[in-house]
Amino acid sequence: MSRVLPAEGGLRRVIGDGRALPDGEVALTPEQHLDLYRRLVLLRTYDERSLVYHRQGRIGTYAIFWNHEAMQAGSELALEERDWIFPSYRESAIGILRGMPASTVLSWWRGHPAGWWNPEDYNVASICVPIATHVPHAVGFAWGSALKGEDRVAIVYFGDGATSEGSFHEGATFAGVMKAPVILFCNNNRWAISTPVEAQSAAETLADKASGYGMPGVRVDGGDVLAVYEATREAVERARAGDGPTFIEAVTYRTAPHATADDPSLYIDEERVAEEKENECVGRYERYLGRLGILGATQVEETRSEALEVMRAGIAQAEAEPPEDPALVFEHAYAEPPSSFARDLAELRRILGG
Amino acid sequence: MSRVLPAEGGLRRVIGDGRALPDGEVALTPEQHLDLYRRLVLLRTYDERSLVYHRQGRIGTYAIFWNHEAMQAGSELALEERDWIFPSYRESAIGILRGMPASTVLSWWRGHPAGWWNPEDYNVASICVPIATHVPHAVGFAWGSALKGEDRVAIVYFGDGATSEGSFHEGATFAGVMKAPVILFCNNNRWAISTPVEAQSAAETLADKASGYGMPGVRVDGGDVLAVYEATREAVERARAGDGPTFIEAVTYRTAPHATADDPSLYIDEERVAEEKENECVGRYERYLGRLGILGATQVEETRSEALEVMRAGIAQAEAEPPEDPALVFEHAYAEPPSSFARDLAELRRILGG
Amino acid sequence: MGELLLVEAVNDALHVELERDPSVLVLGEDVGKLGGVFRATVGLQKRFGAERCVDTPLAEAGILGTAVGLCMAGWRPVCEMQYDAFSYPALDQLINHVGRYRWRTRGKMSFPLVVRMPYGGGVRAPELHDDSPETYYVHTPGVKVAIPSNPADAKGLLAAAIRDPDPVVVLEPKLIYRTSRGEVPEGEHVVPLGTAHVVREGSDLTLVAYGAMVPLAERAADELSPEASAEVLDLRSLKPLDEDALLASAAKTGRVVVVQEAPRTCGFAAEVAAILAEKAIYDLHGPVLRVTGYDVPYPYWQLEDAYMPSVERVVDAARRLLAS
Amino acid sequence: MGELLLVEAVNDALHVELERDPSVLVLGEDVGKLGGVFRATVGLQKRFGAERCVDTPLAEAGILGTAVGLCMAGWRPVCEMQYDAFSYPALDQLINHVGRYRWRTRGKMSFPLVVRMPYGGGVRAPELHDDSPETYYVHTPGVKVAIPSNPADAKGLLAAAIRDPDPVVVLEPKLIYRTSRGEVPEGEHVVPLGTAHVVREGSDLTLVAYGAMVPLAERAADELSPEASAEVLDLRSLKPLDEDALLASAAKTGRVVVVQEAPRTCGFAAEVAAILAEKAIYDLHGPVLRVTGYDVPYPYWQLEDAYMPSVERVVDAARRLLAS
Ligand SMILES: Cc1ncc(C[n+]2csc(CCOP(=O)(O)OP(=O)(O)O)c2C)c(N)n1
Ligand SMILES: Cc1ncc(C[n+]2csc(CCOP(=O)(O)OP(=O)(O)O)c2C)c(N)n1
Ligand SMILES: [Mg+2]
Ligand SMILES: [Mg+2]
């Protein structure tokens, strides 16, 4: 069914290099491979265009996820649509794998209310900005779903830095005790802004934390979309079988600035970045599919231009969103706003109108 | 120098049972043994008398530590006086091993200001009431001392339940990263009030958490004062050598109510409690010293009555503390109180006086 | 149902609401087998099972954080924090998520959770079992805050909180858990949030209070009588606040003393005074006086009586105000 | 030293104080190599070494909790919280330990730590980069709170905070980090905590503000002139508060508008209004008005201007007050 190989450093791996490192296999049909490739390219294109839009002043601060696409698309593929995703800002665009319009995500980065969605529409929770604080949400959701007898798995994404937060720890503790059908997916890109993972934890690997919560810990090459898929698929199976949570550490290296405001030249190892860029995840999968004879140059081009079209339409739609009325400031905080809100709004309108 | 044996369940052990289970050895002179015994008895007596004083209404709520004495006295013995202790409420009386008057601790439980000491007088931090929140204090102290080039180790005591708190996690994370000379001493008495350790964590053992922080985890029989001493001594050596923190899980079983207000009959396994009481830590050490020929019945009696005398004097002194003036309410919050405090006090005096 | 203690009324509310709505679930430290350290949840686990009355790990942010997720899965979680000062590890979840998540979904998802806890001083307890943390909660957008002062309200406000579509923090005055006894309606009983209660009518001045300060204010009113006729207003719900009732009483008596246990600066009494200074200034015959805890750490319990607002301090403030 | 930006003044204060006192140590997320996400700590690690400007793990309670221990080991730690809303995980340490530990030692040990952070809205940032959390801090006994509104005060108040024997929270208005530029005294410069500053003299009404609301109040005062003469009082330090300056200004003008970005309920403006309602009621010619953020989650940034107090809202309040 599948063959996952150990890579350097004990990470699980499927994709080889076409030379010394052999390829493994996964049980995906060519169509499924191409679909996965399309998803990777969609994310990549979203990310690259967003950076351009940011430079053009069309979106605000933006958290780049270049070379993180394999972790996102690979793991998402292992889920069913009924399963819930709890993203951090690093997975801001993961909803587009679930049919969310690109304009929604772009609106989020534009600070426009159209960027805030109903999680139930996509089974994707809101983007979590404060580090690790959504880990307990995912755990509570998974636990609560299981209690209701529903067959829904939750996955929560967070970074290497996030594993230092108390929220991560408490969420993981609950997950273990409640045997919640949840996957704790750690994107270990080796940096929390300017802080390297060595300054984050003295653990040899972040996966070493898993046994402290009574759950399996798996390490996988985060640049290998198929290895990520396989590891997540196993974790999903375990969750569905009632065997509880899994911690996945997907190892990669952050090649882009933390976010648009960041200046990594102050701290990063540029050589290592260059190396990593050479080996970035979309190209790796492209070459793998090439070796399998599934993907050719035309298809690559087609896929890319389709994705570009999605983005063009997305930004156009986001920019066409009319400015929202200030009344919105007073909506949605409560199901039934207190009477003072109407007074405040009336006053504000009077002043803004004047 | 010392021989520590594996016990059932993989716990380190020194003291046998005089029958099937052989005794191990530690490098202590007979005088040191007797001194350690005296300390154990002092704690035991403190605890037993406190419960009586509580029943007599002479102290308030009290957190019983019966059968936890070996963990406290054994570990404390491995420290130098310059090393700092960060106790929880369960180690409320550990200061008496450092020369703190019994009356001070009794005053704490009487809610009298005389119960609050200057940590620098004994190198014993204040009793920490909110669970696990003192773990970062100990770590910061140890790290800060090392930064200053001082050779001071810190030990922090907490329970099995405490390992679920974010504060424990963040403290442990810092300890690992800063290579702080600190010992995280977990009293695993299997209960957090009514919550058994199995409902606290899915980890097989709490020591499994240690590798997640890049530190060694050690499991020891918490009822075996010598095994605790040995484990702590090694951890202290490691800390002094600059090799960083150690997590010690000392396993025991809570035989008494959580505190005087608790009703364990609602949740505990009474048979297991009875068993454990049979095998309680002071008796175990007494019998061990008997087998070594170091301790005889007269000495036992003498030691106990000395300790009783300490307690008699302690409670008398605590009860002789004059009530403090309300002015104290406004003192010590700030080095220089704001002017409003003087006005508040004047008003209060006027009202109380009237 | 007859007379109940305040803590029994809390327990009764939980029984009624868990019975009424199968999506209500109680979680917290020691709430199950033990029934809570104050016995507020006694009997729930036996009656509704360990899945609807859950003993959690010792981790307050975990409790509140998983409760957010439980809401997303369709539950209405009622979280117990074991004590006031032990709720602070959960403030992060409260401020950054509980109060914001409905907004974040543009009103599409509800977070009908309750955080309830024993609170307040005067109980001769060790350090940090005495805090009055209402400011931290009431200042936080997106959450509501209720504080009962008697058994019937303890039941009715908790029921309202559980049925509310939004997060509600219910602070239960532990000082009177077992001293406040009163008639409690049987079965379903709801006291709507946002309605204050005139506990005692008066004409010369108003004592505004909530929680354990209400019976104290009543005793102060006794003390002041017949010299002055004091109205006692029990706010019951700090957010939403019954501003109309507050302003009506201030307009009627023209003199207001606000009583609160919490430290003074930015306590809820400040909010009451600010509302009066903004909206009732022409009705006032004198200053708005606050009788509060002091801006110091809650003291050693042998000194706590000097810290806590007392009948004497309330009476003194009232007399000063009447003389002004 | 000439003109500096507000954030440069913070940096300057840190350089001067680390130089002056070898027991001062800076710690926080990304404060070292990067020099902080706002560059407030730039150059410190190079100058003073990685042991005195420490990049910590991503754990705010860990940062503040270890800082308590660092104090016990003789250090004066200056903790950076990366943003306002990310300081909440540390509230537990702040309330239960930082504010209480001196008291707990009966005054024998000092906890001379500083928590500084960029705070406030208006910067077009993603969610939770905009909070004004002063209430949580100012309500907590045992800590002090300072908020500068200009470069010179940013330096002087931070220096005072670092030298203070007690814990001080310094909130730095990030909105004006790089727009507020001004003369900053070279070398040692201390602005004592507890002294407000009359930024502009006036006779008809007083605008009370702090942080980024001070320049806003000044613009409102411009707008009001010559129609009315507005005094602008910059509180600078919320705790200790310069009550004398506040009462003097209120006595002088008889009319007060208080401006704050934070949500209204139990915001610091409520405290100011409560003090006036208690101590200045006979001086007031009209109500005390509050211009504040609303009791809602800080909004999507495309709408934030509608949330933030504006010159227009302050002027409107002032005119209403003058007409009353
Ligand atoms: C509680 C909290 N503290 C601080 C921050 C500021 N911050 C944003 S991203 C970041 C680094 C996160 O690193 P990591 O967890 O490794 O995720 P990555 O960004 O690398 O994906 C920090 C410190 C935050 N968002 N939340
Ligand atoms: C933060 C916090 N939450 C809750 C409590 C209430 N509480 C006091 S003791 C206790 C159980 C602690 O169990 P454990 O850590 O195993 O220590 P033990 O009492 O068994 O020594 C709890 C929940 C507290 N003191 N602090
Ligand atoms: Mg990272
Ligand atoms: Mg325990």
Run the numbers on D:Asp92 and B:Thr133 for side-chain contact (heavy atoms from CB on, under 4.5 Å), then give the verdict. CA-CA 8 Å; D:Asp92 179 41; B:Thr133 54; 3.4 Å; yes

Testing the basics here: between B:Pro136 and D:Gly62, what is the closest heavy-atom pair and its distance to 0.1 Å? CB-O, 4.5 Å

Sort D:Leu58 into side chain, backbone, both or neither according to what part of it lies under 4.5 angstrom from a heavy atom of chain B. neither

Verify side-chain contact (heavy atoms from CB on, under 4.5 Å) between D:Met72 and B:Ser145, making sure each step is shown before the conclusion. CA-CA 9 Å; D:Met72 292 172 137; B:Ser145 291; over 6 Å; no

Quick one: of B:Val129, B:Leu147, B:Val139, who has the most non-hydrogen atom pairs under 4.5 Å with chain D? B:Leu147

Against chain B, work out which of D:Asp164, D:Leu241, D:Val143 has the most heavy-atom pairs shorter than 4.5 Å and name it. D:Val143

Quick one: does any side-chain atom of D:Lys108 pair with a main-chain N or O of B:Pro119 as donor and acceptor, under 3.5 Å? no

Below 4.5 Å from any heavy atom of chain D, which atoms of B:Ala138 appear? Answer side chain, backbone, both or neither. neither

Sub-3.5 Å donor-acceptor pair from the side chain of B:Glu170 to the main-chain atoms of D:Ile63, do we have one? no

Give a yes or no on whether the backbone of D:Pro141 and the side-chain of B:Tyr334 come within a donor-acceptor separation of less than 3.5 Å. no

Rounded to the nearest 0.5 Å, what separation is found between the CZ atom of D:Arg104 and the SG atom of B:Cys128? 6.5 Å

Using modelled atom types only, decide if a donor and an acceptor are shared between the side chain of D:Asp166 and the backbone of B:Ala335 within a distance under 3.5 Å. yes

Salt-bridge present (D:Glu243, B:Arg343; N to O < 4.0 Å): yes

Nearest heavy atoms of B:Gly144 and D:Trp75, plus distance in Å: O-NE1, 3.0 Å

May I ask you to test the D:Gln93-B:His137 pair for a side-chain heavy-atom distance under 4.5 Å? yes

Roughly how far, to the nearest 0.5 Å, is the CD atom of D:Glu51 from the NZ atom of B:Lys148? 12.0 Å

Student check: side-chain heavy atoms of B:Val329 and D:Trp103 closer than 4.5 Å: no

Are more than 12 heavy atoms from other residues, nucleotides or ligands located less than 6.0 Å from atom CD of B:Glu336? no

D:Lys33 atom NZ, over 12 foreign heavy atoms within 6.0 Å: no

Step by step, work out the side-chain contact (heavy atoms from CB on, under 4.5 Å) result for D:Leu70 and B:Phe141. CA-CA 5 Å; D:Leu70 286 167; B:Phe141 174 85; over 6 Å; no

Under 4.5 Å from any heavy atom of chain D - which part of B:Trp116: both

With rounding to the nearest 0.5 Å, note down the distance linking OH in D:Tyr101 to NE2 in B:His134. 9.0 Å

Name the member of D:Ala61, D:Pro112, D:Gly99, D:Pro77 that forms the most heavy-atom pairs with chain B at distances under 4.5 Å. D:Ala61

Side chain proximity check, B:Met178 to D:Val54, heavy atoms < 4.5 angstrom: yes

How far does CG of D:Asp244 sit from OG of B:Ser339, to the nearest 0.5 angstrom? 7.0 Å

Short question: side chain of D:Arg106, backbone of B:Trp117 - any donor-acceptor pair under 3.5 Å? no

Which one of D:Ser110, D:Gly69, D:Gly107 has the most heavy-atom pairs closer than 4.5 Å to chain B? D:Gly69

Any idea which of B:Gly171, B:Ala180, B:Pro130 has the most non-hydrogen atom pairs under 4.5 angstrom with chain D? B:Pro130

